[in-house]
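Per chain, numbering begins at 1; letters A, B, ... match sequence-line order.
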2 protein chains.
Amino acid sequence: MLQSGQAASPAEPGRTGEALRVRGSGSRVVYDTLRQEILSLTLQPGSPLDETALSERFGMSRTPVREGLQRLVADDLATTLPNRNTVVTPIDFAGLPAYFEALSLMYRVTTRGAALRDRRDLAAVRARQAEFAAAVGAQDALAMIEANREFHVAIAEIHGNPHFIALFARLLDQGRRILRLYYSSFDDRLPRQYVEEHEAMMAAIEAGEAAAADRLAAAHAAQIVRQIQEFLARDLADPIELP
Amino acid sequence: MLQSGQAASPAEPGRTGEALRVRGSGSRVVYDTLRQEILSLTLQPGSPLDETALSERFGMSRTPVREGLQRLVADDLATTLPNRNTVVTPIDFAGLPAYFEALSLMYRVTTRGAALRDRRDLAAVRARQAEFAAAVGAQDALAMIEANREFHVAIAEIHGNPHFIALFARLLDQGRRILRLYYSSFDDRLPRQYVEEHEAMMAAIEAGEAAAADRLAAAHAAQIVRQIQEFLARDLADPIELP
DNA sequence: AATATACAGACTGTCGACAGACAGCAAGTT
DNA sequence: AACTTGCTGTCTGTCGACAGTCTGTATATT
């Protein structure tokens, strides 16, 4: 598992070996680290999150570990079974239609809203788009997902409504787990198309054409939804074996 | 057992006197109680939430109190100042435009969405509407706010998208503090109008007329926003004294 | 053999205690 | 007098320990 071996193995570059922790940062370290591992599927859905084991791994007591876990639960990335352990929240395939509905609306609202705002802040969006394009060029699925998230959050930040930014970021994060399964299994024609669609959305924002931005965002969302649904249908057509 | 202080202080009428606490319910009690007090303005914005004092009040140790506070912070009802105390989050008047934008969108999306769903579940909505009408008749502002929230959440539940339900409920809760200030200061003509607007929205949902439901919800939201803005403008015209 | 019961183990929920950090006040300095 | 420096008190962040509850296994019963 992930116990004493880590403290004893200084080869690991990552999370556990940090020397002295600043007071008050314990739960944040736990939260950030586990969140990253959950979203990257390093921790599989359903995996148990044992407080005792985690406290040994992070070299701190159970209290900050518990607080970090509670923040994950608040984000719906973990689920606590009362008097039992906490587990990584399983991917909710049954809830996908509702998820897509919410995601599509956020795509539209933020893109449209950005077109109605001061367009001089597009620099941040452009930077994210460049990162996305680079990831597509490198065929790095993980980087694509990350940059795509940042691209859309940057647009939402131009719009500037914190309620939408928070919901959108949350949705995009949850989606990372699904996209992670998805992106690993298709040809690279579609990412290039996404790059072009991103460009079109940025152009509409810059021109202040809210209606066009809305339409493009809706189409972009529909495109993504359709691709994932096809992927899932393909997966269902080739069903897993039952014991 | 739990404590000696509990059995010793039976005089207090409110929340503290509960006899024996179920294991695992500590933080929930703290969260529910404080949440109610914050939203009803019993605890004023900016009030300090002292962990030690709260642990004495609730007759439990600081650990479950801390967990309850962290949930309030996650809901943006409380704010933690690092290494200092936690306070009730001040009402963010500067953020009101963004708040209204998000609230209006949720009004529209959920009402419109409900009209597209199975309309047989309107019973719950009707019940909330009856409670709202009763509160209006009794001129009970607090009950109006409560019933109004439940009315719109019930509509959102017909629509059935958990992401929207969660955001909407959260927004409506935060708004309770503003409405609490607002409802106490106007004649009772408007609540009656709200009753009628609610009726119209229910009719549109039942008839499955999504476009009409959308339009009515947007008008309803605009109405509320306008009233509150007028109230705030009146308040600003009669400014508070500065020391 | 199948079901019911008792036991053991493991992990969570809660507690009391300690150490660090910040605010406010007092004394010293320019 | 205004500003800086040191001290003191209070509250938070963290820790180790204990008790309750659940799961799974082993034993007893029909």
Side-chain angles (χ1 to χ4, degrees), chain A residues 1-4 7 15-34 43 46-74 77-89, chain B residues 1-9 15-34 43 46-74 77-89:
Chain A
M1 296 297 271
L2 24 80
Q3 270 89 356
S4 55
R15 359 287 326 189
T16 52
E18 291 154 49
L20 226 55
R21 191 108 40 226
V22 195
R23 178 186 167 94
S25 70
S27 69
R28 199 165 39 75
V29 170
V30 173
Y31 173 79
D32 290 341
T33 306
L34 291 182
L43 281 172
S47 307
L49 297 170
D50 186 293
E51 293 178 8
T52 312
L54 290 172
S55 74
E56 288 175 12
R57 170 182 169 193
F58 286 102
M60 57 184 78
S61 96
R62 274 178 51 218
T63 306
V65 170
R66 262 179 89 83
E67 296 186 357
L69 289 180
Q70 279 157 7
R71 290 179 56 187
L72 291 172
V73 170
L77 296 177
T79 306
T80 301
L81 316 173
N83 283 316
R84 197 87 45 76
N85 57 2
T86 300
V87 299
V88 177
T89 303
Chain B
M1 298 307 285
L2 286 179
Q3 217 80 22
S4 52
Q6 293 196 333
S9 67
R15 2 266 354 173
T16 53
E18 289 154 51
L20 226 52
R21 193 108 40 223
V22 193
R23 178 187 166 92
S25 70
S27 69
R28 199 164 40 74
V29 170
V30 173
Y31 173 79
D32 290 341
T33 307
L34 292 182
L43 281 173
S47 306
L49 297 171
D50 186 292
E51 292 179 9
T52 313
L54 289 172
S55 75
E56 289 176 12
R57 171 182 168 191
F58 286 103
M60 57 183 76
S61 94
R62 274 178 51 216
T63 307
V65 170
R66 262 180 89 84
E67 297 186 358
L69 290 181
Q70 279 156 8
R71 290 179 56 187
L72 291 172
V73 170
L77 297 176
T79 307
T80 301
L81 316 174
N83 284 315
R84 197 83 47 77
N85 58 3
T86 301
V87 299
V88 178
T89 302

Fill in: Test log, rule side-chain contact (heavy atoms from CB on, under 4.5 Å), inputs A:D50 and A:N85
CA-CA 6 Å; A:D50 186 293; A:N85 57 2; 5.7 Å; no

Practice prompt. List the steps and the verdict of side-chain contact (heavy atoms from CB on, under 4.5 Å) for B:R71 and B:R28.
Written response: CA-CA 9 Å; B:R71 290 179 56 187; B:R28 199 164 40 74; 4.2 Å; yes

So which protein N/O to nucleotides 5-11 of chain D N/O distances come out below 3.5 Å?
residue: D:dC11; atom: O5'; partner: B:D50; partner atom: OD2; Å: 3.3

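Phosphate contact (OP1/OP2 of C:dC15, side-chain N/O of B:S61, threshold under 4.0 Å): present.
In this structure, A:S25 reaches the sugar-phosphate backbone alone: every heavy-atom distance under 4.0 Å involves primed, P, OP1 or OP2 atoms, never a base.
One atom, CG of B:L81, and another, C1' of D:dG13, lie 15 Å apart when rounded to the nearest Å. We find that CZ of B:R21 is positioned 16 Å from P of D:dG20, with the value rounded to whole Å. Straight-line distance from the CZ atom of B:F58 to the P atom of C:dC15: 13 Å, rounded to whole Å.
Taking CG of A:L49 as the reference point, atom CZ of A:R66 lies at 13.0 Å (rounded to 0.5 Å).
Heavy atoms only, all atoms of each residue included: A:V65 and A:E51 are closest at CG1-O, 4.1 Å. Residues A:A78 and A:T86 come closest through the heavy atom pair CB-CG2, 3.8 Å.
For the pair A:L69/A:T80, no side-chain contact is recorded, criterion being any heavy-atom separation below 4.5 Å from C-beta on. With a 4.5 Å cut-off on side-chain heavy atoms, A:L77 and A:L72 count as touching.
Residues from residues 62-70 of chain A that place a heavy atom under 4.0 Å from any atom of DNA chain C, listed by number: A:R62, A:R66.
Of the possible polar contacts, none joining the B:S27 side chain to the B:G68 backbone as a donor-acceptor pair under 3.5 Å is found.
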